[in-house]
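Below, chains carry the letters A, B, ... as their sequence lines are ordered, and counting in each starts from 1.
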There are 2 protein chains.
Amino acid sequence: MGKKTMISMAVVRRLPKYYRYLGELLRNDVERISSKELSERIGFTASQIRQDLNNFGDFGQQGYGYNVRALYEEIGKILGLNKNYNTVIVGAGNIGQAVANYTNFERLGFHLVGIFDRNPKLIGISIRDKVIQDVDNLEEFLKNNHVDIGIICVPKEQAQKIADIFVKCGIKAIWNFAPTDLNVPDDVIVENVHLSESLLTLSYRLNEAELFKEKIGR
Amino acid sequence: MGKKTMISMAVVRRLPKYYRYLGELLRNDVERISSKELSERIGFTASQIRQDLNNFGDFGQQGYGYNVRALYEEIGKILGLNKNYNTVIVGAGNIGQAVANYTNFERLGFHLVGIFDRNPKLIGISIRDKVIQDVDNLEEFLKNNHVDIGIICVPKEQAQKIADIFVKCGIKAIWNFAPTDLNVPDDVIVENVHLSESLLTLSYRLNEAELFKEKIGR
DNA sequence: AACCTATTGTTTATAATTTAACACATAATT
DNA sequence: AATTATGTGTTAAATTATAAACAATAGGTT
């Protein structure tokens with residue numbers, strides 16, 4: 001399940017953070033940076049930074065380091081930010097609206113082209129100039145409009161049904177906010193945002209010390 | 001930076017998923033389950049499941065497997081769900097409101113006791129019976145009310161300032177939705193939810209094949 | 001121009017994580 | 001009651017990820 005990437009996910013998940021830090025450096029007019037200096041800021045080892053970047057090319061120069069702007073742009077390309085993406089959000093509840101209103105994504109090239117819900121009270125309302133449509137029109141809409149990324153913000157009971165429609169209509173990337181795992185073919189990528197799991201991880205860590213104290217006490 | 005856990009984060013991040021799947025099994029009246037069967041559903045190897053669980057105790061029985069209800073409750077305890085937590089949300093924009101409206105968290109024992117914002121248009125409005133307060137009152141509030149978890153939903157520019165207030169007032173766990181890394185003492189736990197990083201990871205994976213096709217073509 | 005310093009890309013070593021193997025215990029079956 | 005199945009906890013092996021080491025190279029300096 002899930003096509004294996006050529007680059008390990010451990011590396012891939014660090015890329016956006018490089019991009020973010022380089023963007024900051026750029027805004028602060030820093031022209032060049034060494035892996036050592038970046039290491040101190042970003043919190044990865046210098047060795048790891050060099051290895052990570054070297055998966056994609058020889059971006060640095062001995063004795064000099066990396067040119068911040070050039071590297072920022074390279075990583076942007078690696079992340080696919082030189083392209084534009086059409087997205088639809090299904091589920092216009094709290095999360096759906098929050099995602100719709102994240103104008104930052106627009107700036108990165110992710111264009112929201114449709115919002116859908118099944119709640120008659122929401123249908124017809126506009127979010128960022130996009131009218132919320134009836135989810136019954138989703139399939140029709142996807143047939144007439146090219147969409148790259150489908151965003152699922154419906155309750156978990158309806159998530160698989162929406163995913164099936166996405167898959168049927170040829171969408172290859174799903175951003176899933178529903179607290180459930182989706183079944184999709186191997187060539188479809190699913191990226192989950194499971195808020196509950198994140199909160200429970202925090203809760204675990206908050207209690208860990210005590211947990212093992214008890215264990216010893218027994 | 002960041003206290004090291006006794007159990008590796010790789011394991012910890014799987015715990016909520018066990019909890020979720022066991023909860024489903026329980027609702028479906030499944031009484032017992034083997035690591036093999038759970039493996040097929042959850043997508044981890046049976047070996048990994050046994051090793052993960054064995055970090056915390058001997059919950060299974062040879063020839064029988066695991067009792068679903070007992071294991072569900074054990075993992076609940078491990079995750080700290082036998083306790084209650086007071087939380088405050090700072091930043092009542094889209095994300096803040098979305099989190100505030102997640103009634104599921106309440107059911108898990110996470111009680112929202114305060115919401116704060118600096119926008120006069122939001123101050124005074126109620127979300128789930130909680131009046132949004134002026135963020136200038138945050139410190140005062142935290143001195144008079146016990147809060148376990150601080151939730152940061154403000155723009156990145158203000159995030160560190162809020163984190164500093166949390167730390168100053170003795171909060172030991174921060175759930176951070178701002179797209180920035182927070183500086184906190186070692187005994188304070190930060191769990192980040194970086195939506196942009198998640199989206200960029202998706203974008204990367206959507207483009208990966210093409211990326212390496214180009215590389216070879218050069 | 002020659003030398004020194006900085007810093008990369010890359011190789012090697014170490015550590016962490018995952019998977020497989022298996023001895024032993026329980027449950028089910030005859 | 002004896003035997004066979006199942007399925008755990010645990011140890012060992014394999015794999016993957018991270019960190020350290022270092023040779024090679026460009027830039028700065030005298």
Side-chain angles (χ1 to χ4, degrees), chain A residues 1-15 17-18 21-22 25 30-72 74-75 78 201 208 215 218, chain B residues 1-15 17-18 21-22 25 30-72 74-75 78 201 204 215 218:
Chain A
M1 203 193 292
K3 191 168 59 173
K4 57 173 166 286
T5 59
M6 327 187 69
I7 302 290
S8 82
M9 278 306 287
V11 174
V12 172
R13 295 219 174 270
R14 282 192 292 267
L15 293 176
K17 195 164 167 182
Y18 289 125
Y21 272 79
L22 288 165
L25 289 168
V30 178
E31 258 180 37
R32 62 185 244 191
I33 193 155
S34 67
S35 58
K36 180 157 171 286
E37 205 186 330
L38 184 55
S39 159
E40 282 154 16
R41 300 189 184 227
I42 207 171
F44 307 148
T45 65
S47 178
Q48 181 163 70
I49 292 170
R50 293 201 300 278
Q51 283 212 4
D52 282 352
L53 298 178
N54 210 242
N55 282 301
F56 301 98
D58 297 0
F59 303 130
Q61 218 170 355
Q62 279 123 328
Y64 175 91
Y66 300 87
N67 177 284
V68 172
R69 179 179 301 278
L71 185 57
Y72 176 76
E74 283 292 347
I75 295 180
I78 291 165
T201 300
E208 188 175 46
K215 197 141 268 170
R218 258 186 217 163
Chain B
M1 205 195 292
K3 191 169 60 174
K4 55 173 168 288
T5 60
M6 327 189 68
I7 302 290
S8 82
M9 278 306 286
V11 174
V12 172
R13 295 219 173 271
R14 283 192 291 268
L15 294 176
K17 195 165 169 182
Y18 290 124
Y21 272 80
L22 288 165
L25 289 168
V30 178
E31 258 181 38
R32 62 185 246 191
I33 194 155
S34 67
S35 58
K36 180 156 171 284
E37 205 186 330
L38 184 56
S39 159
E40 281 153 17
R41 299 188 185 229
I42 206 171
F44 307 148
T45 64
S47 179
Q48 181 162 70
I49 292 170
R50 292 202 299 278
Q51 282 217 0
D52 282 354
L53 298 178
N54 210 241
N55 283 301
F56 302 98
D58 296 1
F59 303 131
Q61 214 170 0
Q62 278 125 327
Y64 174 91
Y66 300 87
N67 177 282
V68 172
R69 179 179 302 277
L71 186 56
Y72 176 76
E74 282 291 347
I75 295 180
I78 290 164
T201 300
Y204 171 84
K215 197 139 270 171
R218 257 185 218 162

Measure the shortest side-chain to side-chain distance between [X] and [Y] over non-hydrogen atoms and say whether it is less than 4.5 angstrom.
X: F56(A); Y: I7(A); answer: yes
X: Y66(B); Y: L22(B); answer: no
X: L15(B); Y: Y18(B); answer: yes
X: L71(B); Y: N67(B); answer: no

Side-chain N or O of R14(B) less than 4.0 angstrom from OP1 or OP2 on dT18(C)?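 R14(B) to dT18(C) OP1/OP2: side-chain N or O found under 4.0 Å.
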In whole angstrom, what separates [X]'s [atom1] from [N]'s [atom2]?
X: Y66(B); N: dA25(C); atom1: OH; atom2: P; answer: 16 Å
X: M9(A); N: dT18(C); atom1: CE; atom2: C1'; answer: 17 Å
X: N67(A); N: dG27(D); atom1: CG; atom2: P; answer: 12 Å
X: D58(A); N: dA23(D); atom1: CG; atom2: P; answer: 19 Å
X: N55(A); N: dT18(D); atom1: CG; atom2: P; answer: 11 Å

Could you list the protein-to-nucleotides 13-15 of chain C atom pairs, N/O on both sides, closer than 3.5 Å?
none

Distance check, rounded to the nearest 0.5 Å: [X] atom [atom1] versus [Y] atom [atom2]?
X: L25(B); Y: I33(B); atom1: CG; atom2: CD1; result: 4.5 Å
X: T201(A); Y: M9(B); atom1: OG1; atom2: CE; result: 6.0 Å
X: N54(B); Y: I49(B); atom1: CG; atom2: CD1; result: 13.0 Å

In residues 43-54 of chain B, which ones come under 4.0 Å of DNA chain C, going by heavy atoms?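 Close to the strand are T45(B), S47(B), Q48(B), R50(B), Q51(B).
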Neighbours of DNA chain C within residues 34-42 of chain B, by heavy-atom distance under 4.0 Å: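 Here the set is empty: none.
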Hey, is dA14(D) sitting syn or anti, using the within-90° cutoff around 0?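 Chi for dA14(D) falls in the anti range.
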Suppose the criterion is salt bridge (Lys or Arg N to Asp or Glu O under 4.0 Å): which pairs have a residue in residues 40-62 of chain B, not counting sequence neighbours?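 Found R14(B)-D52(B), K36(B)-E40(B), E37(B)-R41(B).
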All N/O pairs under 3.5 Å across the protein-nucleotides 26-30 of chain C interface:
| from | atom 1 | to | atom 2 | distance (Å) |
| --- | --- | --- | --- | --- |
| dA27(C) | OP1 | Q61(B) | NE2 | 3.4 |
| dA28(C) | OP1 | R32(B) | NH1 | 3.4 |

Looking at dA12(D), which nucleotide sits across from it as a Watson-Crick or G-U wobble partner, both distances under 3.5 angstrom, or is there none?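 Looking at the geometry, dA12(D) pairs with dT19(C).
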Any strand counts, and the cut-off is 3.5 Å on both contacts for Watson-Crick or G-U wobble. Which nucleotide pairs with dA5(D)?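 Paired with dA5(D), as far as the under-3.5 Å criterion goes, is no nucleotide at all.
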Holding to salt bridge (Lys or Arg N to Asp or Glu O under 4.0 Å), I want the full list of residues that pass it with R13(B), two or more places apart in sequence or in another chain.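 By the salt bridge (Lys or Arg N to Asp or Glu O under 4.0 Å) rule, R13(B) matches E191(B).
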